[in-house]
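Below is one structure, written out as structure tokens, with a few remarks after it.
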Amino acid sequence: MLSRPKPGESEVDLLRFQSQFLAAGATPAVQLVKKGSRKGGDANPDQPPLQDRRDVVMLDNLPDLPPALVPAPPKRAKPSLGCPLPEHEDPEERLNRHDQHITAVLTKIIERDTSSVAVNLPVPSGVAFPPVFHRSQGRQGKPATSGKRSIFAQEIAARRASEAKIPPVREVASTLDPPGGAVTSEAVTPREQGSQLPWGSCSFQGPHLVTGKGLRSQEAEQEAQTIHEENVARLQAMAPEEILQEQQRLLAQLDPSLVAFLRSPSRTHEQAGEKASGEQRPGGPSVEVTGEELIMPASAREPRQEDELEPGAPALALPVTRHKEWLHMDTVELEKLQWTQDLPPLRQQQTQERMQARFSLQGELLAPDVDLPTHLGLHHHGEEAERAGYSLQELFHLTRSQVSQQRALALHVLAQVISRAQAGEFGDRLVGSVLHLLLDAGFLFLLRFSLDDRVEGVIAAAVRALRALLVVPGDEKLLDSTFSWYLGAAVFPLMPSQEDKEDEDEDAEPLGEKAKRKTPEEGNRPPSDLARHDVIKGLLATNLLPRLRYLLEVTCPGPSVVLDILAVLIRLARHSLESATRVLECPRLIETVVREFLPTSWSRMEVGPTPSLHRVPCAPAMKLLRVLASAGRNIAARLLSGFDLRSRLYRFIAEAPQELALPPEEAETLSTEAFRLWAVAACYGQGGDLYRELYPVLMQTLQAVPKELSSHVPRPLALQRIASLLTLLTQLTLAASSTTPEPSSDSAEASLSATPSSITWTQVSGLQPLVEPCLRETLKLLPRPEMWSALGPVPPACLLFMDAYYQAWSQQPGLCPGDWLQDMERLSEELLLPLLSQPALGSLWDSLRCCSPLCNPQSCAPAPEALPSLVSLGCTGGPPHLSLAGSASPFPFLTALLSLFNTLGRIHKGLCGQLAAILAAPGVQNYFLQCMAPEVAPQLTPFTAWALRHEYHLQYLALSLAQRAATLQPVSAPSAALHHGMALALLGRLLPGSEHLAHELLLSCAFRLEFLPERASGGPEAADFSDQLSLGSSGDLGCGRGALLAQACRDLPSIRSCYLTHCSLARAGLLASQALYRGELHRIPALLLPVPREPLLPTDWPFLPLIHLYHRATDTPSGLPPADTVGTAMRALQWVLILESWRPQALWAVPPAACLARLMCVFLVDSELFRETPVQRLVAALLARLCQPDVLPKLNLDCPLPGLASFQDLYANFLEHFEAVSFGDHLFGALVLLPLQRRFSATLRLALFGEHVGALRALGLPLTQLPVSLECYTGPPEDNLALLQLYFRALVTGALRPCWCPVLYAVAVAHVNSFIFSQDPKSSDEVKAARRSMLQKTWLLTDEGLRQHLLHYKLPNSALPEGFELYPQLPPLRQQYLQKLISGMLQNGVSET
């Protein structure tokens, strides 16, 4: 017995088993038997056998469903108890009888007869390979074949036809008819059943679908005719209802997609074409064509343009002449060739409707009626084809094209559009912002996706568009040109000011603490959400930095792309400390920039286009490192130590620019950026070791500066390099005077900067003799304005070096003070004092107002495309000539000059008075007066913040010099008052980063007696006399204001201490600012200032102590120490009284309503503070100032107040507190009564008479002590019905009596009397009914006094005890009206009885 195969046996073993089985001749275990029927016989024994022995497939045995993937176990059917299976019935016959499958129609499929088809062998050829077929050859003169056949299939069919000598058959279709083709053409759609029936006038002359193709030629027509006759016989034997029912059954069984295909217009059209071709054959039917046209849908009855035209129809004119060799043009589609026709005429816009903006390929905005030629390529769009240019939507669509050239072109055009929009070229011709529209449409992420493209042209265009979006060229030029100004290296970050609360203090915190503070949800925010608030953060979240590094390192793009990428990286680094850190920590990014674009050796480059910037020094790369170093001292230290920047600085500073193997301009810029990078590192006390190595080079360069300055045409790039060199020497000189920080600091950056300075005073002491000649050369050009403006930042840089030099010299412990004092006197006599007498200096002071952002806000107009999520300075076209950053600006020189004067005056007291004479110039006085004027301050934009910071530097230095001179010699009263007012105005304007200046102003100028000349010139007496003459002070609630002012002047040191405590700034910001302004380099954390969201101090900073007391009392209900509370409140009230009396311009920004709210806070602190006598007197004096006739009309309680959510809520709390703790205090009552004037909101009066009626008994303020006139409460008449009813109820019920509340009693009587006797015909029925009812109740009052007051009231008069005058008898009109009402009331009463 043969063994069965086992697992693991190979195919060779199976073959061996097979040979053994055949050799043995054994009987197989399984036999294949053909089963004809389940009954053991054939399915149809009467059917004759087929003669041709063709394969016949019977559909009886085909399953209805495909077999399951996993065979299921066999199931035995169990007969139901209620319906048993009959034993005599065959199951197969039962299934056939109920079968609804398509096999009931198609029961047999016969194989096609191929016996008559000729078999052609391949034609032998003499070549090894068959010839390659080309599309351009062999297609001329060949008829076009229908159907979707490829060119290769058509060629093979033609070759076979030529070999068989048989012409190609045209009716070969690409797809065969599906089995559902048995449905005849007479079948109609359900919606056409009522109009066309299959048994109508149609005749059945022959088969249309069954043609017999595939059978033998002698049997094909006979078989087709037999099938046709059977179909006709069956249809004629059926009723119309049966035909429709059978049709619906067949449609339900067929696949819906197949039915849709059969009914499709293309299928119907093909059948119509076949019938039309059949008409040309002899004997072909013609009736069916008409029937087919009737059942076609409307879309199918229209002739298709790609089909051949009828012989009699006129030929359509093609826009182009078709050629035979054109690919895929054998079938013409006219609708796709419409774009080749002539454009329609340009429509003239007759209305003022808005039209879609269209741009040229250069980004220019095209006018709607401009007519440009088509060869410019501006008409390739579908919408408004006659208009030239492309819309933003079409450009966006083009960026997603599959053609790389089109994507690059679209990105290029969008970049040009952005550049022109930022430059303000579009002006007011466009509605809305272009940048805002692009960002909302997802342009930012479109650029990011384009950076991942594989085509270099698309990447280059995307980088250029990204640079156009992020980088404003004028911004970088402005910041570079002002680098050598007074603290010009310190700039604000270019990040949005409206950030989340978590990011408010990100620059003040160390990076590690900020990273710990951020929540996971913030890190998981999608880039789209981040970009909505901050474009830079959204870009960084898309892994932009690794992609830019890949482009620089791997793809090695062209010079323009490299410059664009470096400009984008510079913009990212200017965003914030976090962004700069991410740029630094991006893997291999900085290494690639230093290695590829700052090499120490390279091939010589000539002037002209450069094929590549790789391995060639590049100035933007050095600038990128400088901007990164400005973000923080830690980043600067990492750059110097980790990227071998010392060797690069050696390389580019040791050689003169003309000796570098670079183009002249590039070499000059690269040397300038190297000086600036070193200067930034020197600002942190780093890079001092380079000074010893490069000392000879610096001396040689410095000696050549006077010669360069004396040239007739100074070169701008050379002047920038000179200014950068002087700035570097200034920082190195300050490093020689800096002290080492205390080692007790535990911060990482403090420990990093704990190393002592490597520069000593002896190494920099010889710089001053070389810089002073440079200063003399620049001052010679001061009388020549055109030459002076060409010098740029060189004169300020010289003055700032002299300032740093004398500051460092005076701090050397082992040197004789007489040496530097004599040198200061020499410099003053030879250079500075003669400068003060020059008329050119006076003209500089006179031009301050024209260039000042405060005096000329138009010079700081916001950019035309300013976005809150994308911050820029908006200097696309450069600053105006007469602006702070313009070429004619006097601010940089005067600021540096004042800084030098302050240093000399601080060290040499004897020179202070002489140098302070500069402040007596008329230009300075006029400038200060205009800065103090109550004008609207410019809106705080990024450029405004930058400009105001430099203007505030000049103001502070001028005030500091004036304060030093005032301590040594008496100052005139007008000048002292002017300087004091300027100091107070500046104190409320200083921006973040200037905490040191605010602190110094509080210490020196703001609370200095020398700046209050009124104290010694009869100021207190004048205040008392003014109060006596004032019309609003009829009742004085306290002692004289003069005595209070005199006491406040004596308490000025205590007042200063109070404000230093309550106006204290953030300690971290104050220390960083002090280090920056004092030149303590080892303590400077960064040159990136905090974000300027708002000024350091609020506009109402004089009230800050009172506000702090109120908040502390709210947070601690138990109360505060009495001494602390009384002292703080008294000092704050004294200072506010001084300002109100002698410096009212300091409180111009504070509305009178805000002052009233702050005074209310004094009474809300606790229950005893307002009872203190000093507090009572000060509050009474301030209240009298608020009630003056010139101030009272400005009191508006309905407008929003700074620092207050709702005055109504504050007044409700005030009433509640008054009702609880006032005990009838008259001053407290006066503050309660002041907001109840008639011109204010009725809500305040409703709060008193509706919710706090009990407080009326405590409002015992006499009429003679009322701070305002009684007419302010009684006129005009009250029109609030609810309030009038509350007045009347309080009077009638006795809650409001003249002995308890005389003021409001007179007010209520006046308004009720006016209401009950008013006869306005326009009044509503409700008001008339209330008036009649109130008058009736008044007539029926039992209180004769109240009844007399309500009926006989005449005029308010605060001199009378009641507060008003009475009629002896009613006027005739009122008497008649009253009698009429009484008679009507009596008649109603009689009728009721």
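Within the 3.5 Å criterion, the main-chain N or O of Ala667 finds no donor-acceptor partner in the side chain of Ser671. Side chain of Ser737 to backbone of Ala808: no donor-acceptor contact under 3.5 angstrom is found. Looking at Ser852, its side chain never comes within 3.5 Å of a backbone N or O of Arg849 through a donor-acceptor pair. Between the side chain of Gln963 and the backbone N or O of Ala958 there is no donor-acceptor pair closer than 3.5 Å. Counting only distance, with no hydrogens or angles, the side chain of Ser843 and the backbone of Ala840 share a donor-acceptor pair below 3.5 Å. In this structure, Glu666 contributes its side chain and Ala619 its backbone to a donor-acceptor pair below 3.5 Å. Side chain of Ser710 to backbone of Lys707: a donor-acceptor contact under 3.5 angstrom is found. Checking side-chain atoms of Ser883 against main-chain N and O of Pro879 turns up no donor-acceptor pair under 3.5 Å. A side-chain donor-acceptor contact under 3.5 Å links Arg648 to the backbone of Leu598.
Counting only residues at least two apart or on different chains, the side chain to side chain donor-acceptor pair (under 3.5 Å) pairs with a member in residues 820-832 are Glu772-Arg826, Arg776-Glu830, Tyr806-Asp823, Asp823-Arg826, Glu825-His908, Arg826-Glu830. Applying the side chain to side chain donor-acceptor pair (under 3.5 Å) rule to pairs touching residues 481-493 yields Ser484-Thr727, sequence neighbours excluded. Residue pairs meeting the salt bridge (Lys or Arg N to Asp or Glu O under 4.0 Å) criterion with at least one partner in residues 715-725, sequence neighbours excluded, are Glu668-Arg715, Glu708-Arg715. Listed by first and then second residue, the salt bridge (Lys or Arg N to Asp or Glu O under 4.0 Å) pairs that reach into residues 686-697 are Arg646-Asp689, sequence neighbours excluded. Evaluation of the ring pair (Phe, Tyr, Trp, His ring centres under 6.0 Å) test over residues 769-788, restricted to residues two or more places apart or in two chains, returns Trp788-Phe893.
Counting heavy atoms from C-beta on, the side chains of Leu479 and Leu873 come closer than 4.5 Å. Side-chain atoms of Leu709 and Cys774, non-hydrogen and from C-beta on, do get closer than 4.5 Å to each other. Contact check for Leu577 versus Ile635: side-chain heavy atoms found under the 4.5 Å cut-off. By the 4.5 Å heavy-atom criterion applied to side chains, Leu563 and Cys618 are counted as neighbours. Under the 4.5 Å side-chain criterion, counting only non-hydrogen atoms from C-beta, Met605 is in contact with Val616. Looking at Leu698 and Leu702, their side chains never come closer than 4.5 Å, going by heavy atoms from C-beta outward. A heavy-atom distance below 4.5 Å is not found between the side chains of Leu799 and Asp803. Contact annotation: the side chain of Pro1085 never approaches that of Tyr684 to less than 4.5 Å [non-hydrogen atoms, C-beta and beyond].
Around CD of Glu786, the count of heavy atoms belonging to other residues, nucleotides or ligands within 6.0 Å exceeds 12. For Glu655, the CD atom is densely surrounded, since the number of other residues' heavy atoms within 6.0 Å is greater than 12.
Rounding to the nearest 0.5 Å places CG of Leu677 at 8.5 Å from OG of Ser630. The CG atom of Leu882 sits 5.0 Å away from atom SG of Cys851, with the distance rounded to the nearest 0.5 Å. With values rounded to the nearest 0.5 angstrom, Leu894 atom CG is found 5.5 Å from Leu848 atom CG. Between atom CZ of residue Phe675 and atom CD of residue Gln720 there is a gap of 13.5 Å, rounded to the nearest 0.5 Å. Rounding to the nearest 0.5 Å gives a distance of 11.5 Å between CD of Glu995 and NE2 of His999. Distance check, rounded to the nearest 0.5 Å: CZ of Arg676 to CG of Leu725 gives 12.0 Å.
The side chain to side chain contact (heavy atoms under 4.5 Å, CB included) test with Arg571 singles out one residue from Leu494, Asp475, Val627, and that residue is Leu494.
Taking the centre of each ring, Tyr956 and Tyr952 stay at or above the 6.0 Å mark. Proximity of the aromatic rings of Trp678 and Phe652 is defined here by a centroid distance below 6.0 angstrom, and this criterion is not met.
For the ring-ring contact (aromatic ring centres under 6.0 Å, His included) test, residues two or more places apart in sequence or in another chain that qualify with Phe597 are His614. The side-chain hydrogen bond (donor to acceptor under 3.5 Å, both in side chains) search around Thr701 returns none, not counting sequence neighbours. For Phe943, the ring-ring contact (aromatic ring centres under 6.0 Å, His included) partners are Trp946, not counting sequence neighbours. Scanning for ring-ring contact (aromatic ring centres under 6.0 Å, His included) contacts around Trp845 gives an empty result, with sequence neighbours left out. In this view, Arg964 and Asn902, Arg906, Cys912, Ser960 satisfy the side-chain contact (heavy atoms from CB on, under 4.5 Å) rule, not counting sequence neighbours. The side-chain hydrogen bond (donor to acceptor under 3.5 Å, both in side chains) search around Ser647 returns Asp644, not counting sequence neighbours. Listed by chain and residue number, nothing satisfies the side-chain hydrogen bond (donor to acceptor under 3.5 Å, both in side chains) test with Ser837 (two or more places apart in sequence, or in another chain).
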Discussion item. Determine whether Leu782 and Leu844 satisfy the following criterion, side-chain contact (heavy atoms from CB on, under 4.5 Å), listing intermediate values before the conclusion.
Written reply: CA-CA 10 Å; Leu782 181 59; Leu844 290 181; 3.9 Å; yes
Item to complete: I would like to know whether Cys875 and Lys477 meet side-chain contact (heavy atoms from CB on, under 4.5 Å); could you show each step before the answer?
Response: CA-CA 9 Å; Cys875 300; Lys477 185 178 179 181; over 6 Å; no
Worksheet entry | Pair Leu831-Leu775, side-chain contact (heavy atoms from CB on, under 4.5 Å): steps then yes or no | CA-CA 9 Å; Leu831 197 62; Leu775 178 60; 3.5 Å; yes
Worksheet item: Leu1089 and Arg949: side-chain contact (heavy atoms from CB on, under 4.5 Å), yes or no, with the steps?
Response: CA-CA 11 Å; Leu1089 302 174; Arg949 176 174 175 267; 3.2 Å; yes
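Residues Leu639 and Leu625 come closest through the heavy atom pair CD1-O, 3.5 Å. Closest of all the heavy-atom pairs between Gly923 and Asp846 is CA-OD1, 3.4 Å. Considering all non-hydrogen atoms of both residues, Phe901 and Ile918 come closest at CE2-CD1, 3.8 Å. The two residues Ala804 and Thr730 come nearest to each other via the heavy atoms CB-CG2, 3.6 Å. A pairwise comparison of heavy atoms in Ala580 and Ala573 identifies CB-O, 3.8 Å as the closest pair.
With 3.5 Å as the limit, one finds no donor-acceptor pair spanning the side chains of Thr895 and His953. A donor-acceptor pair shorter than 3.5 Å can be found between the side chains of Tyr927 and Gln955.
Under the 4.0 Å criterion applied to side-chain N and carboxylate O atoms, Asp480 and Lys623 are assigned as salt-bridge partners.
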